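Hydrogens, waters and symmetry mates are skipped; everything else that's a heavy atom, side chains included, is used. Quick caveat: nothing in here was measured; it's all calculated off a predicted structure.
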Amino acid sequence: MPKHPTNFYYALVEMLNNRFYILLNEHYPYLAFSSAVDFGNIKFIDRHDLNNRFSSYYRILSKRELSTPFNQKNLNKSELNRAELDQITFWEPQTVGQVIFNYWD
């Protein structure tokens with residue numbers, strides 16, 4: 001179970017003198033990498049060298065995808081449930097990454 005109030009699991013990885021985080025959404029099979037995981041401030045990064053290790057099990061989200069501005073007008077086209085839609089309306093996330101990996105669930 002993620003630490004409250006996050007909606008994601010994360011692990012700090014140290015590999016070849018490089019530190020980074022692996023993030024996994026609690027409800028959907030979305031995985032991402034970041035250089036920092038602080039309350040309200042996740043710095044997404046790409047780790048193309050690791051994508052093949054996880055892509056059979058998870059959808060690997062790129063820094064570009066996660067940094068895309070979030071358009072609330074597209075909510076009606078989404079598959080999100082009512083509780084998720086209510087949270088988005090309340091917190092007004094600015095990027096797709098803030099919707100998928102957040103501290104307000």
Side-chain angles (χ1 to χ4, degrees):
M1 186 121 209
K3 292 182 181 178
H4 184 73
T6 66
N7 76 333
F8 60 95
Y9 304 93
Y10 65 93
L12 174 61
V13 177
E14 293 189 31
M15 189 171 94
L16 302 174
N17 295 323
N18 190 359
R19 293 176 57 151
F20 61 94
Y21 294 87
I22 299 174
L23 288 69
L24 178 63
N25 183 278
E26 178 182 18
H27 306 286
Y28 301 96
Y30 298 143
L31 187 134
F33 303 100
S34 72
S35 61
V37 178
D38 298 311
F39 184 84
N41 186 28
I42 300 172
K43 295 184 181 182
F44 296 107
I45 61 172
D46 291 319
R47 290 295 311 226
H48 300 291
D49 57 324
L50 297 176
N51 285 0
N52 286 341
R53 296 191 182 263
F54 296 101
S55 62
S56 295
Y57 308 100
Y58 306 105
R59 165 83 162 78
I60 311 301
L61 301 171
S62 70
K63 176 182 176 180
R64 182 176 181 202
E65 290 173 293
L66 295 165
S67 300
T68 301
F70 180 70
N71 185 347
Q72 290 205 8
K73 293 177 184 175
N74 292 333
L75 285 178
N76 294 335
K77 300 175 188 174
S78 73
E79 296 179 16
L80 300 175
N81 64 44
R82 172 56 41 209
E84 292 167 321
L85 294 172
D86 289 345
Q87 289 291 319
I88 289 169
T89 300
F90 180 81
W91 291 102
E92 300 178 346
Q94 300 301 303
T95 66
V96 170
Q98 291 174 340
V99 173
I100 297 173
F101 300 101
N102 62 64
Y103 285 84
W104 30 267
D105 268 357

Any donor-acceptor N/O pair, Asn25 side chain to Ile100 backbone, under 3.5 Å = yes
Can you tell me if CG on Asn52 sees more than 12 non-hydrogen neighbours from other groups inside 6.0 Å?
-> no
Separation between [atom1] of [X] and [atom2] of [Y], rounded to the nearest 0.5 Å:
{"X": "Tyr103", "Y": "Asp38", "atom1": "OH", "atom2": "CG", "answer": "6.5 Å"}
{"X": "Arg47", "Y": "Tyr21", "atom1": "CZ", "atom2": "OH", "answer": "14.0 Å"}
{"X": "Thr6", "Y": "Ile42", "atom1": "OG1", "atom2": "CD1", "answer": "8.5 Å"}
{"X": "Glu84", "Y": "Trp104", "atom1": "CD", "atom2": "CH2", "answer": "8.5 Å"}
{"X": "Gln98", "Y": "Ser67", "atom1": "CD", "atom2": "OG", "answer": "9.5 Å"}
{"X": "Lys63", "Y": "Phe33", "atom1": "NZ", "atom2": "CZ", "answer": "14.5 Å"}

Does Arg82 have any side-chain contact (heavy atoms from CB on, under 4.5 Å) partners at least two apart in sequence or in another chain, and if so, which?
-> Leu85, Asp86
Looking at [X] and [Y], what are the two nearest heavy atoms and their distance?
{"X": "Leu23", "Y": "Ser34", "result": "CD1-OG, 3.2 Å"}
{"X": "Pro69", "Y": "Val96", "result": "O-CG2, 4.4 Å"}
{"X": "Gln94", "Y": "Glu92", "result": "NE2-O, 3.0 Å"}

Flag the pair Tyr10 / Phe20 as yes when their ring centroid distance falls below 6.0 Å, and as no otherwise.
-> no
Does Arg59 have any salt bridge (charged side-chain N to carboxylate O under 4.0 Å, His left out) partners at least two apart in sequence or in another chain, and if so, which?
-> Glu65
Heavy-atom distance under 4.5 Å between the side chains of [X] and [Y], does that happen here?
{"X": "Phe8", "Y": "Leu24", "result": "no"}
{"X": "Pro93", "Y": "Asn102", "result": "no"}
{"X": "Leu61", "Y": "Phe44", "result": "no"}

Applying the side-chain contact (heavy atoms from CB on, under 4.5 Å) test to Asn51, which of Ile60, Asp46, Leu31 qualifies?
-> Ile60
Decide side chain to side chain contact (heavy atoms under 4.5 Å, CB included) for Gln87 and Asn7; before the verdict, give the C-alpha distance in whole Å, the side-chain angles of both, and the deciding distance to 0.1 Å.
-> CA-CA 12 Å; Gln87 289 291 319; Asn7 76 333; over 6 Å; no
Passes side chain to side chain contact (heavy atoms under 4.5 Å, CB included), His27 versus Asn81? Steps please.
-> CA-CA 11 Å; His27 306 286; Asn81 64 44; over 6 Å; no
